[in-house]
Structure formats: C-alpha cells, structure tokens
Amino acid sequence: MSHPDSTTSPETKAKPWWQRIPLTLQIVIALVAAISVGIALGAGNPSPSNAALINNLAIPAELVLKALRALATPLILVAVLHTLMTTNIPGRAGRRLFVLLLSNTTVAILVGLFVANVLRPGTWGNVVTSTTTQITGQSLDPWGLLKDAVPEAVLKPLVDNNVIQLIVIALSFGIVLRGLKSEQIAQGKNAYQPIEDVIGILFEAVVRILNWVIALVPFAVFGIVAKTVAKEGFAPFQSLGAFIIAVLVALALQACYYLTRVKFGSWVQPLKFLAGGSDAFLTAFSTSSSAAAMPVTFEVLQTKIGLRESSAALGALVGANFNNDGTALYEAMSALYISQLIGQHLSLGQQVIVILTSIFASVGAANIPNAGLVTMTLVFTSVGLPTQYIALLVTVDWFLDRCRTAINVMGDMTVSTLLDGKKPRFVDEA
Ligand code: ASP
C-alpha cells in the first residue's frame, strides 16, 4: 500500500541524536550487547538465582509484539482504503493486472513453502522450547473458510485479527468509496474529499505510531537475544542462520521465476531488465521500503528499460500497492519455520491456510519497513501458531526486510514488463 509522504513532517525535522543513528546500526549494537549479557548470565547454563531477571528480559519484545499485533488490522484497513480511493486503475488493464499479481504472489508463496519444506531450517539446531505450545489452529475446511469470510459485525475482524474477513471489509468499503468518488466527480461534486482526507490522515497516524514501535525494536532485540543466549546458548541462532539461508534461496528462486516470465512474456531481455532495474533494486534494499523506491522504479522502467508510461505506471504505481511477493513468501516461510522450530509441524491443509492468509496479509502490507512483520502476526493467528516466536524473527528482520523489499520491487517491475507485451515501444511510435 502507498503511504502518505511523511518526509516533510515536523517529526522528522527535529530528531534527537539517538534517532539519527541508523536503525540497522542500533540493532547491531543491541545484538553485541545482548550476546555479552547473555554470556555473562550463563550462556545456556543460567544460575537459578537469575531466572526472574532472565525471563523479564523478554518484556520489551513482548510489548513490541503486542503493539505490532494491535496495529496490524488498522494498518491493513486504512492502507487498502487509501489505495483504493487514491489510485487510478483502468478497467481492462486492471483485470490483467489482477491476474498477474495473483499468479506471481501464489508462485512466491509456493516457492517459499517448497524451500522451507525441503531445507527444513527450523530443524537445524537444537532449540529447547520453554513453553509447551500446542497448535490449536484449524485444519483445512474450505467450506468453513468460505462461511467464515464474512464477519458477524463490521468491526469484528479488527478485534479478532482475522485477516481474510478484514480484507473483505476493506475491499468492500474501498470499492464502494471509489465508486462514489467517481460518481461525484462526474457530477461535479466533491463531498468525497473530507472522507479521503480523513483516511489519508488516519493512515499517516498509524504509520507514525508504527514508527514509534519500530524505534523500540533494538530494545526488543537486545532483550530477546540476551534471554535466549542466557537460557539456551547459541543453538537457536544456528537455526536462524539456516532460516536466513533458506529465505535467500527462496527469494533467488523467485527472482529466476521473474526473469523467466520476462524472457517469454515480453520484448525485454532479462539482462537488460536486471541492469536497467539495478537502481530500483538498490534503493529498495537500502531503504527497506518499496514506497521509497517507487519513484525510482517508475523512472527506470521508462528510461532504462524502455517501457511505455502506461505499463510502467500500472506495475510501479498501482501494482506496487497490492503486490508484495517477497513479503508473502517470507510470511509463509516464517510460519513454517516457527512450526518446525517448536516441533509442531503444519499439515498440508494448514499450509493451504497459510497460503491464503499470506496472500491477504501481503496485499494489506504497507510498502514501508517492517510492514511484513506486522501483518505476519495475522498469518500466525490463522493457524494458531504462537505469535511470541515472532520475537525471534525480529532479530533478523532488519536484514531480510531489505532482501524481500528488493524482490517486491522486482515483482512490480515484472508486472509492468509483462503488461508492456511482446512489442517494444518504438514499434508503436514508428
Ligand atoms: N518493507 C517491505 C516493503 O516496503 C514490506 C515488508 O515489510 O515486507 O515492500
């Protein structure tokens, strides 16, 4: 989802000195400090007298996770409403766009689940799970899912954190508001404007609160890593390393899939696509935000790759709002990884639920740093996985977020390129 520009906000102007240290560096400092504290507290052999202290180290991570869970539903709701009210999607191309987005996202999730099932990163390390967690989640019941898609009350999905119901509500209101807006424009009225402004401001507000929470992530990382090292030593990190490798392998496979589609579905040569798009990929990697990369993506699609403006706009400006393949892949893999880690394997039916909810969660994920981490809480809830384990993923999210954002942008560029078709622009112009 696009987000209102906050670069000129007064908040960003007068930052205290600690906020001027890049978040990545803050997290690295937190990791180093946490490892030292964890070693001092026992590195796997903690003394019983420190038990309470060690357990309390997890409090910042618990608070951050609670806040992320609480923000997930409002973020998705206002982001979907905002995009539907403010973007311009032409009818026929819009349908083609929809098919491309859905197929690419589904492939991304299948790639993620395939790699996670083959490499089984959650089993590469001997993790002692202190909680006796049982997955209480559903097995697959397609009719049940269908019956459950409509909530009993409009605000209930916000309370239950039910992502499918939430998207149903968000899309219904979004489509209706969009229709009302165009009717009013046709009649020369502008009564829709205050609603559009309120939604824009609410979106900005949720994003700002999310930024506060993100600012606390280094404390969460410190606490959870120090606690884990103190209690269980370094074994859990072995499996986190395996998880990072597995995610990178899956993202690389997804990139190969894009290049294959570009080769056979458009006039653009894959090498030209890669070289021309490099500025956009690098911007996405360095900012962790496909929204921040959006202007660069739009520009390189036209100037370096040579697409028509209409195709560039549909993929880079519209598709980018709904299309987060890297995020979808990551959310599905995370669910499977944590289920392996705690020894509660997800059945095929539950993996299908993960696919469905990851599609919805990625549609609702805003194009901003760590948004995938926020909506992931909803994927976990859908299959009854304990969300407290997301705390472990917080420690590596700063890096994996960059990688999946680059793939999100590559996915948008692939959609633009496919929409451009098999004839280059200059053939039209000749
Ligand atoms: N940071 C990603 C993006 O901007 C979203 C995510 O967190 O997965 O595309």
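Residue numbers run from 1 in the order of the sequence given. Start at 1 and go down the list; that is how both ligands and their atoms are numbered. Please read all numbers here as calculations on a predicted model, not as lab measurements.
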*Distance to 0.1 Å, residue and atom name: give those for the protein heavy atom nearest to atom 5 (C) of ligand 1.*
I368 O, 3.6 Å
*Could you tell me which atoms of ligand 1, counted from 1 in the order shown, lie closer than 4.0 angstrom to a heavy atom of G372?*
6 (C), 7 (O), 8 (O)
*T105 (side chain) donor-acceptor with L102 (main chain) under 3.5 angstrom*: no
_One thing to verify: whether E204 and R208 come together as a salt bridge, which I'm taking to mean a side-chain N less than 4.0 angstrom from a carboxylate O._
yes
*Using a strict 4.0 Å cut-off to heavy atoms of T327, name the atoms of ligand 1 that fall inside it.*
5 (C), 6 (C), 8 (O)
_Nearest option to atom 9 (O) of ligand 1, as decided by whichever heavy atom of A371, A361, S290 sits closest_ = S290
*Given T327, which of D401, N408, T405 fulfils the side chain to side chain donor-acceptor pair (under 3.5 Å) condition?*
N408
*Would you find a donor on one side and an acceptor on the other, under 3.5 Å apart, between the side chain of R308 and the backbone of P424?*
yes
*Nearest protein heavy-atom contact for atom 2 (C) of ligand 1: which residue, which atom, what distance?*
T405 OG1, 3.3 Å
*Against heavy atoms of S289, which atoms of ligand 1 measure under 4.0 Å?*
4 (O)
*asked:* Less than 4.0 angstrom from a charged side-chain N to a carboxylate O is my criterion; do D397 and R402 meet it?
replied: no
